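Here's the structure we're looking at; comments come further down.
So that the names make sense, note that chain A is the first sequence line, chain B the second, and so on, each numbered from 1. Because the structure is predicted, anything quoted here is derived from the model rather than measured.
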Amino acid sequence: MPGIFQLAADNLVSPIILSFLLGLIAALGRSDLNFPEAIAKGLSIYLLFAIGFKGGVSVSGHGLDGKLVAALGAGVMLSLSLPVAAFALLRAMARLSVTDAAAIAAHYGSISIVTFVAATSLLAGQGIAAEGYMVAVAAAMEAPAIVSALWIVVARGGGGKRMSADLWREILLNGSIVLLIGSFVIGWMTGQGGLNEIGGLFVEPFKGVLCLFLLDMGLVAGRGLRTNRSTLSLRLVAFGIVMPVVGALAGLIFGIVLGLSQGGVVLMMVLSASASYIAVPAAMRVALPEANPALSLTLSLGVTFPFNLTLGIPLYMAAAEIAAGGNF
Amino acid sequence: MPGIFQLAADNLVSPIILSFLLGLIAALGRSDLNFPEAIAKGLSIYLLFAIGFKGGVSVSGHGLDGKLVAALGAGVMLSLSLPVAAFALLRAMARLSVTDAAAIAAHYGSISIVTFVAATSLLAGQGIAAEGYMVAVAAAMEAPAIVSALWIVVARGGGGKRMSADLWREILLNGSIVLLIGSFVIGWMTGQGGLNEIGGLFVEPFKGVLCLFLLDMGLVAGRGLRTNRSTLSLRLVAFGIVMPVVGALAGLIFGIVLGLSQGGVVLMMVLSASASYIAVPAAMRVALPEANPALSLTLSLGVTFPFNLTLGIPLYMAAAEIAAGGNF
Amino acid sequence: MPGIFQLAADNLVSPIILSFLLGLIAALGRSDLNFPEAIAKGLSIYLLFAIGFKGGVSVSGHGLDGKLVAALGAGVMLSLSLPVAAFALLRAMARLSVTDAAAIAAHYGSISIVTFVAATSLLAGQGIAAEGYMVAVAAAMEAPAIVSALWIVVARGGGGKRMSADLWREILLNGSIVLLIGSFVIGWMTGQGGLNEIGGLFVEPFKGVLCLFLLDMGLVAGRGLRTNRSTLSLRLVAFGIVMPVVGALAGLIFGIVLGLSQGGVVLMMVLSASASYIAVPAAMRVALPEANPALSLTLSLGVTFPFNLTLGIPLYMAAAEIAAGGNF
Amino acid sequence: MDTHPAKRVEIIIEAVMERHLTQALSEAGVTGFTVLPVMGGSGRSGEWSREGQVGRASGMVAVICLIRPERLDTLLDAAFAVVERHIGVVCITDAQVLRAERF
Amino acid sequence: MDTHPAKRVEIIIEAVMERHLTQALSEAGVTGFTVLPVMGGSGRSGEWSREGQVGRASGMVAVICLIRPERLDTLLDAAFAVVERHIGVVCITDAQVLRAERF
Amino acid sequence: MDTHPAKRVEIIIEAVMERHLTQALSEAGVTGFTVLPVMGGSGRSGEWSREGQVGRASGMVAVICLIRPERLDTLLDAAFAVVERHIGVVCITDAQVLRAERF
Ligand SMILES: Nc1ncnc2c1ncn2[C@@H]1O[C@H](COP(=O)(O)O)[C@@H](O)[C@H]1O
Ligand SMILES: Nc1ncnc2c1ncn2[C@@H]1O[C@H](COP(=O)(O)O)[C@@H](O)[C@H]1O
Ligand SMILES: Nc1ncnc2c1ncn2[C@@H]1O[C@H](COP(=O)(O)O)[C@@H](O)[C@H]1O
Ligand code: NA
Ligand code: NA
Ligand code: NA
């Protein structure tokens with residue numbers, strides 16, 4: 001398997017990863033380099049729109065191969081069930097309160113869209129195709145994990161708000177979900193013609209914008225690690241690396257069962273392996289205010305995200321390739 | 001005239017319109033999707049600079065065909081006279097106070113640069129040329145409507161500030177007017193060479209930026225409609241649709257009399273039909289503070305802008321084509 | 001030497017210079033045109049990343065020709081010694097307090113990265129090559145001038161903070177230095193492959209972004225000139241024009257001694273001639289709070305920057321050409 | 001100039017709770033408030049800053065209400081119901097306002 | 001630490017009127033003020049938010065002035081002349097300041 | 001609702017000194033503060049605005065601390081040591097807070 005290491009090494013010297021590392025190092029070294037909040041949000045709007053739109057265009061081109069609904073269902077199931085696994089793992093590995101464990105579990109059931117985007121880039125760079133509708137699957141996996149985690153808390157008597165209609169609306173109409181689905185639909189409806197019109201903004205400059213966004217995420221992750229160092233026990237860090245591998249395995253199985261393309265399997269693994277750091281943290285502050293936000297954010301952004309970005313994705317790609325070759 | 005409907009239908013599935021609709025729906029559905037204020041302003045600076053600059057470049061290429069001054073004069077006259085029509089219509093259709101009616105009238109005499117840009121895009125997509133200096137006409141039409149409206153208020157004894165030198169400066173040196181004219185001059189002076197230098201930012205990515213800006217405008221319009229639903233009577237909504245048609249007719253006549261190209265006529269119609277939502281609202285807050293700002297903004301952004309964007313522009317294009325064919 | 005005037009005239013009608021002038025005129029005319037702070041910062045992050053990255057890529061392509069270390073050393077020496085010259089000149093020309101003179105001197109020993117970028121653009125436009133590592137030299141010249149100026153203050157008994165470890169860290173890990181060096185290293189490591197990946201954002205749109213940034217700088221410079229008119233004596237203005245020429249001369253000598261290419265000599269002159277307006281002003285507020293910030297910022301941004309941008313750079317290019325031709 | 005006694009209530013609360021708070025205030029009959037952005041801060045749950053952040057989870061806003069003194073308790077009850085389980089501080093100062101008819 | 005009595009005046013006013021207000025304050029001899037951004041709010045004229053807005057028409061700023069108590073009336077007269085016809089609130093609190101020589 | 005007396009200290013200071021100030025406050029045992037952005041202002045050293053600025057040299061922030069009255073002097077000493085040589089104002093008002101156990 002020298003391929004994995006080669007891939008990982010190649011991956012590590014891409015401008016995208018190096019930008020993240022630059023941010024991480026700058027923040028850990030206490031540089032005052034930082035992005036204004038408005039710019040970070042602007043970059044994330046760009047990325048969500050671009051990835052949604054291009055996914056939609058790709059679906060409009062290749063047509064729906066009938067697996068979309070099955071893939072969406074699989075995504076929802078993964079998002080609902082992964083928090084249960086994460087919760088069990090957390091209770092076994094780290095001694096956290098029910099509330100804290102459930103809050104972290106919600107993050108790991110949901111997804112990180114930037115990890116997804118980075119994986120898409122890497123796949124494209126390798127010339128491996130993937131189903132365009134995986135973007136829709138990503139959107140579908142954002143929220144169910146929240147429901148699952150709140151249900152765990154209620155079942156375990158840990159307090160927590162029951163899902164009110166208001167909370168439902170707040171979660172489902174979360175900006176990033178709406179933007180992702182909306183731009184997916186726009187891409188689907190306008191197809192290649194739409195891409196020709198607005199591709200000048202969303203295609204060529206895309207990777208450069210991703211670089212800047214990852215630089216910012218490195219800065220935020222580094223600052224988080226520096227400030228909240230004390231909250232992260234070694235056991236938690238271990239969880240932050242074990243859990244994505246567990247998730248990726250689940251994603252691999254679902255992906256193969258669904259009969260996704262090799263690229264699609266990788267993306268399913270990446271979605272399952274990645275942990276939310278935008279939608280879920282906000283939802284947890286509303287629904288589980290007693291949970292310590294520093295804990296889950298530091299773990300998700302400071303441990304799991306860099307792990308996936310550097311080692312995880314190449315590993316998942318290698319695993320999917322082996323699986324595709326049938327050499328189980 | 002099946003052409004109109006085809007055109008309108010084509011227009012409706014462009015990424016630009018769909019982005020606006022996405023924003024509108026998201027905001028009406030109370031999603032928390034939103035653009036930071038700084039990003040919205042940044043996008044508007046980009047659009048104003050790009051449209052002004054490209055207008056200038058086009059004038060430098062084709063030369064001034066002597067009609068610029070006439071077109072500017074026509075623009076000023078339209079901007080001065082349309083508020084009178086709007087005021088009369090408002091007093092007849094909706095029972096508003098003199099101040100409120102005059103404030104709204106000022107919005108409709110002035111112009112919406114995004115509507116102008118969207119029309120330009122549509123024309124370019126259809127391969128219909130238009131005079132580059134129409135951008136300068138747009139700039140010239142921004143302010144006179146304000147003067148006209150204040151004059152109406154004074155004439156009708158509705159109070160209101162008389163135009164002080166200070167107010168004049170504030171209106172004429174409004175950021176969007178200065179940016180539009182300034183970049184027009186830069187484009188004119190640097191010509192094709194300048195375009196080659198900086199076209200990489202202002203040409204290819206342009207339509208994508210317009211998409212994002214319209215997404216934001218949809219969000220703002222939707223939020224405005226949701227919050228201020230109660231202020232909009234049916235009569236006012238009717239005005240918001242009738243007035244642009246009246247304006248477009250005036251623009252059509254002026255455009256034909258001036259001997260503009262078919263594209264130029266369309267743009268003259270669009271300018272006359274559109275209602276300001278940046279420069280005039282701010283000026284009205286200073287000069288007519290008693291007018292209800294929600295009224296004019298909701299009408300301009302929530303009714304007239306979407307009407308022009310979806311149905312208006314194709315309608316005006318069809319009308320200009322018929323007029324050009326001489327089939328009155 | 002008609003070449004100089006031709007070059008200066010050509011330079012003056014570039015969109016970049018005209019954008020700066022537009023901003024300057026708008027602000028002096030009290031227009032309310034302005035960029036949000038977040039957008040200005042976002043543009044500067046883009047420019048720093050782009051210029052550092054492309055410098056690194058160029059080094060990775062041409063290889064280090066062994067002169068990098070010498071050039072870095074020369075840059076540090078210039079940055080350390082120019083403040084001494086500036087201080088002497090200031091005490092001779094304008095009657096300033098030790099603190100104010102030292103604070104201004106620090107600005108002139110350090111560099112303005114936008115002036116550097118503008119010169120790079122102009123050189124590229126003329127097809128004149130320059131060493132890619134000049135970006136690293138620029139980064140190396142940012143901070144030493146601060147140390148030098150603080151040393152002057154202490155030597156002259158002018159009070160001022162001694163360099164604490166904390167202050168050292170703050171100066172060296174300044175965001176713009178970290179970003180410039182970091183992106184340089186990323187460019188170096190990823191080379192042409194990296195450029196192919198992210199060039200779509202950092203190459204084609206570059207000059208357009210520079211335009212917008214200069215428009216903003218014109219606005220800020222104009223507002224500064226308007227507000228702080230009274231603090232600028234004629235003697236100070238004279239210093240703001242003489243000092244860059246002195247600096248450029250020093251840069252010319254160092255550049256020739258180092259055996260840099262003609263383009264490299266021009267950049268060395270530009271770095272020496274330009275005055276900081278981001279890193280040094282902030283450091284001075286921390287280390288020399290008694291110095292009047294309006295004085296140095298207005299001089300650097302309102303006098304020296306426009307001088308270099310319009311007349312200085314063409315002058316330095318002509319001087320470097322004459323020197324290269326050996327016609328001293 | 002005629003001034004009238006009032007209470008100035010400043011509630012610094014998590015950004016995600018802004019809508020919940022302002023809704024509770026409206027329901028309690030508070031007719032006016034102003035929301036200021038917050039850049040960062042520190043408290044028992046550690047330090048935070050909005051710099052470079054995309055999500056709204058770590059971030060706060062400051063809501064300022066000027067009200068007639070006799071309405072203070074109603075407001076505090078409404079605010080407390082929202083703030084109770086959440087991160088946040090509530091601070092009340094005595095103030096004078098112009099144009100009391102507006103409150 | 002030596003503190004000195006002062007008045008803290010907070011004027012929340014439409015963004016378009018900021019320049020008009022600060023000019024009036026300067027003319028009234030007020031030598032210092034600080035302007036804070038405002039994100040949104042609610043009042044008799046409804047709710048508003050700066051999010052996604054380009055124009056300055058719907059938006060406010062908060063201007064804070066610390067002054068010596070004896071100068072309060074001059075300031076209020078100047079501020080009121082600007083605020084009078086406009087949307088906005090003025091709130092005065094008793095305060096103590098360090099370095100009174102600055103005011 | 002139960003309220004408790006407290007002091008509200010508002011320190012408007014140069015942005016470059018923010019970290020220095022909050023560090024000094026922490027060292028003086030101040031456990032909580034909130035930082036508000038500032039858009040512009042005017043004082044003896046002239047007018048300034050953050051608009052379009054890249055550098056942090058001309059810009060201020062407002063740091064708000066709510067503390068128990070008996071801890072005021074410690075805080076002011078710490079703040080003053082930082083503010084002393086720098087541009088900035090310090091303003092103290094009497095306040096009431098909910099949830100005193102937090103301070
Ligand atoms: N004493 C205080 N004064 C001002 N702001 C505070 C204070 N305590 C807490 N805060 C703010 O409330 C946030 C959360 O506080 P805490 O719940 O103590 O972590 C902090 O990050 C500050 O923004
Ligand atoms: N009682 C209040 N407390 C705080 N801010 C207020 C209050 N009333 C009004 N405001 C602010 O002033 C703006 C305009 O108020 P109004 O004129 O009542 O619509 C509101 O949107 C708020 O930002
Ligand atoms: N009296 C005051 N009230 C409110 N803010 C002030 C006052 N004086 C100064 N400031 C703020 O502190 C900054 C610096 O003040 P100064 O040191 O007087 O130039 C000003 O730009 C204002 O932002
Ligand atoms: Na996951
Ligand atoms: Na119009
Ligand atoms: Na220099």
Side-chain angles (χ1 to χ4, degrees), chain A residues 9-47 50 118 120-122 124-126 199-216 218-219 222-223 226, chain C residues 35-50 52-54 56-57 60 165-166 168-206 208-209 278-279 282-283 286:
Chain A
D10 286 356
N11 183 27
L12 283 176
V13 295
S14 86
I16 291 168
I17 310 291
L18 291 175
S19 295
F20 180 79
L21 290 180
L22 171 57
L24 203 64
I25 292 168
L28 289 174
R30 318 181 94 229
S31 164
D32 71 347
L33 179 60
N34 70 66
F35 281 57
E37 177 182 357
I39 295 296
K41 281 194 183 171
L43 294 176
S44 83
I45 289 172
Y46 170 93
L47 291 175
T120 313
S121 274
L122 207 63
Q126 305 267 325
L201 180 64
F202 294 113
V203 176
E204 288 86 26
F206 184 78
K207 267 207 171 167
V209 176
L210 184 56
C211 255
L212 293 181
F213 190 71
L214 282 172
L215 173 55
D216 177 50
L219 290 167
R223 207 168 54 218
R226 191 155 54 73
Chain C
F35 281 57
E37 177 183 356
I39 295 297
K41 280 194 184 174
L43 294 177
S44 83
I45 289 172
Y46 170 93
L47 291 176
L48 287 168
F49 193 100
F53 180 75
K54 288 186 282 189
V57 169
S60 95
D166 210 49
W168 267 112
R169 218 214 46 243
E170 210 166 309
I171 291 170
L172 289 176
L173 293 185
N174 176 285
S176 55
I177 299 182
V178 168
L179 188 49
L180 205 53
I181 296 182
S183 56
F184 179 79
V185 170
I186 294 176
W188 195 351
M189 289 178 70
T190 61
Q192 189 59 41
L195 188 65
N196 294 344
E197 275 192 70
I198 64 176
L201 180 64
F202 294 113
V203 177
E204 288 85 26
F206 184 78
V209 176
I278 301 185
V286 176

Handout entry: Engaged part of I177(C) at the chain A interface, taking heavy atoms whose separation is under 4.5 Å
Key = neither
Handout entry: Heavy-atom check, side chain of S19(A) versus side chain of I186(C), under 4.5 Å
Key = yes
Practice task
Evaluate the criterion side chain to side chain contact (heavy atoms under 4.5 Å, CB included) for residue pair L215(A) and L179(C); output intermediate values, then yes/no.
Solution key: CA-CA 10 Å; L215(A) 173 55; L179(C) 188 49; 3.7 Å; yes
Completion exercise
Here the pair of heavy atoms bringing T190(C) nearest to S14(A) is CG2-C, 4.1 Å
Practice task
Starting from the C-alpha separation in whole Å, work towards a yes-or-no answer on side chain to side chain contact (heavy atoms under 4.5 Å, CB included) for F53(C) and C211(A).
Solution key: CA-CA 12 Å; F53(C) 180 75; C211(A) 255; over 6 Å; no
Exercise for the section: State the CE-CD1 distance between M189(C) and I17(A), to the nearest 0.5 angstrom. Expected result: 11.5 Å
Problem - Student check: side-chain heavy atoms of L201(C) and L212(A) closer than 4.5 Å - result: yes
Exercise for the section: Could you tell me whether a side-chain N or O of D32(A) sits under 3.5 Å from a main-chain N or O of N174(C), the two making a donor and an acceptor? Expected result: no
Practice task
For K41(C) and P36(A), work out which heavy atoms get closest and say how close.
Solution key: CB-CG, 3.6 Å
Practice task
Given side chain to side chain contact (heavy atoms under 4.5 Å, CB included), test I45(C) with I39(A) step by step and report yes or no.
Solution key: CA-CA 10 Å; I45(C) 289 172; I39(A) 295 296; 5.6 Å; no
Fill in the blank from the handout: So, the part of S121(A) with a heavy atom under 4.5 Å from chain C: the answer is neither
Problem - Contact class of P205(A) relative to chain C, heavy atoms under 4.5 angstrom - result: both
Exercise for the section: First locate atom CD of E204(A), then atom CD of E204(C), and finally report the distance between them rounded to the nearest 0.5 Å. Expected result: 8.0 Å
Exercise for the section: Can you see which heavy atom on I198(C) is nearest to which on P15(A), and at what distance? Expected result: CD1-CB, 3.9 Å
